[in-house]
Amino acid sequence: MTHDLLGRHRAVLPDWLALYYEDPLELTHGEGRYVWDAAGRRYLDFFGGILTTMTAHALPEVAKAVAGQAGRLLHSSTLYLNRPMVDLAERIAQLSGIPDARVFFTTSGTEANDTALLLATAYRRSDTVLAMRNSYHGRSFGAIGITGNRGWSPTSLSPLRTLYVHGGVRTRGPYAHLDDREFTAACVADLKDLLGHTRPPAALIAEPVQGVGGFTSPPDGLYAAFRDVLHERGILWISDEVQTGWGRTGDHFWGWQAHGRSGPPDIVTFAKGIGNGMSIGGVIARAEIMNCLDANSISTFGGTQVTMAAGLANLTHLLEHDLQGNARRVGGLLIERLRAVAARSPHVREVRGRGLMIGIELTRPGTDEADPRAASAALEEARAAGLLIGKGGGHDTSVLRIAPPLSLTVAEAEEGAAILDRVLSSL
Ligand SMILES: Cc1ncc(COP(=O)(O)O)c(C=O)c1O
């Protein structure tokens, strides 16, 4: 049955729509942190559909909110007042820490980032954007134009002039040998130098922890140091919180807060986890920036009643159950366990991350060379043992990505760590 589906998939969908596993998996249902395939096999889910199932699979509150709203009204467009959209916008504006915040809902992270770019370039009347090396911000023509990761750059044509900045990857690149303070100083000096050679940019866009790039991040405080430089020159700071938002990193509700001594970014984008699988993305910016457009703009499917009802139920559950605190506690245990496991494996270069956003970078034993084949083998082995994980990375795809729903229990963390122990030993 699944083979038949695979043949049909390949015949009708694009070749570049990659599937995991030599024998791809069809998932049919889930509950909590587990999912089941079409053959009835159960898996512990450490990837949550690319960090999208944020709280839990089949969370009753979300299911009830969706069913209830679906039975009344799915969509009306933003031409009419929409109570769930206003409710969720108010909650998000308040949580953002951005003064006089306005929220615009989209259907995806890509569309959210495109909107942020539209706002920043219109506000600053500049077509130039600073982005980080090894970044990923989405698949549209605009978002590809700020992607610093070759594996996700199908074209070099772009509506923007993009300059790539150092700093998103701590342990590779020309500054890797420096200590944290020196690393930050070198990146800031590079940024200042770059700004001396270019027309004034509109904004810097950055993921606080690079997602697709393999869960890499700069030392805490780097973006605050950047912000000081940008602020002096009126350049906006856009934080792409599509993967890092809502407490996933444990220590903070937003990823930027690891850098936040000088306050929130000018623009925050979000998507993925807030809808727990429903298509919600969005942009938060202070009113002055959000309102700078002098023509109409609309996202027909942005903020539909049914997605907003899901988002509200999901966010309420997250806050009432302190899932950020859970991510910090259980994620802290998990990363310690994985570091102990990794210390015994010659294939592991680094275990990094925070909260429930953990990367295991694999290299060829005795070298610093990325090992994408080992990463693929690890994914297959984990699946065979009943664990779903992801992969990513800029230098070939050699980083295992671990990002379970934020409600992960200690027992489930132990179960997953034990499987990863066996997987790494078997490489
Ligand atoms: C940091 C980041 N920004 C933006 C996007 C794009 O989001 P979407 O796939 O919902 O368009 C992604 C998707 O992986 C992402 O990881």
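One-based numbering along the sequence shown. Counting starts at 1 for both ligands and their atoms, following the listed order.
- Because its NZ or CZ atom is both nearer than 6.0 Å to the ring centre of Y21 and within 45° of the ring axis, R383 counts as a cation-pi partner of that residue.
- Every pair passing side-chain hydrogen bond (donor to acceptor under 3.5 Å, both in side chains) that includes a residue from residues 231-243 is listed here, sequence neighbours excluded: N113-D240, H137-D240, S239-E241, E241-T244.
- Under the side chain to side chain contact (heavy atoms under 4.5 Å, CB included) criterion, R328 pairs with D251, Q324, not counting sequence neighbours.
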Kindly print each ligand 1 N/O atom paired with any protein N/O atom under 3.5 angstrom away, one pair per line, or none if nothing qualifies.
{"unit_1": "ligand 1", "atom_1": "3 (N)", "unit_2": "D240", "atom_2": "OD1", "d": "3.4"}
{"unit_1": "ligand 1", "atom_1": "3 (N)", "unit_2": "D240", "atom_2": "OD2", "d": "2.7"}
{"unit_1": "ligand 1", "atom_1": "7 (O)", "unit_2": "T110", "atom_2": "N", "d": "3.4"}
{"unit_1": "ligand 1", "atom_1": "10 (O)", "unit_2": "G109", "atom_2": "N", "d": "2.9"}
{"unit_1": "ligand 1", "atom_1": "11 (O)", "unit_2": "G109", "atom_2": "N", "d": "3.4"}
{"unit_1": "ligand 1", "atom_1": "11 (O)", "unit_2": "T110", "atom_2": "N", "d": "2.8"}
{"unit_1": "ligand 1", "atom_1": "11 (O)", "unit_2": "T110", "atom_2": "OG1", "d": "2.5"}
{"unit_1": "ligand 1", "atom_1": "14 (O)", "unit_2": "K272", "atom_2": "NZ", "d": "3.1"}
{"unit_1": "ligand 1", "atom_1": "16 (O)", "unit_2": "Q243", "atom_2": "NE2", "d": "2.8"}

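- Remark: D37 does not engage R42 in a salt bridge, criterion side-chain N to carboxylate O under 4.0 Å.
- Sorted by first and then second residue, the salt bridge (Lys or Arg N to Asp or Glu O under 4.0 Å) pairs involving residues 114-125 (not counting sequence neighbours) form an empty list.
- For R354 and D220, the salt-bridge test passes: some basic side-chain N is under 4.0 Å from an acidic carboxylate O.
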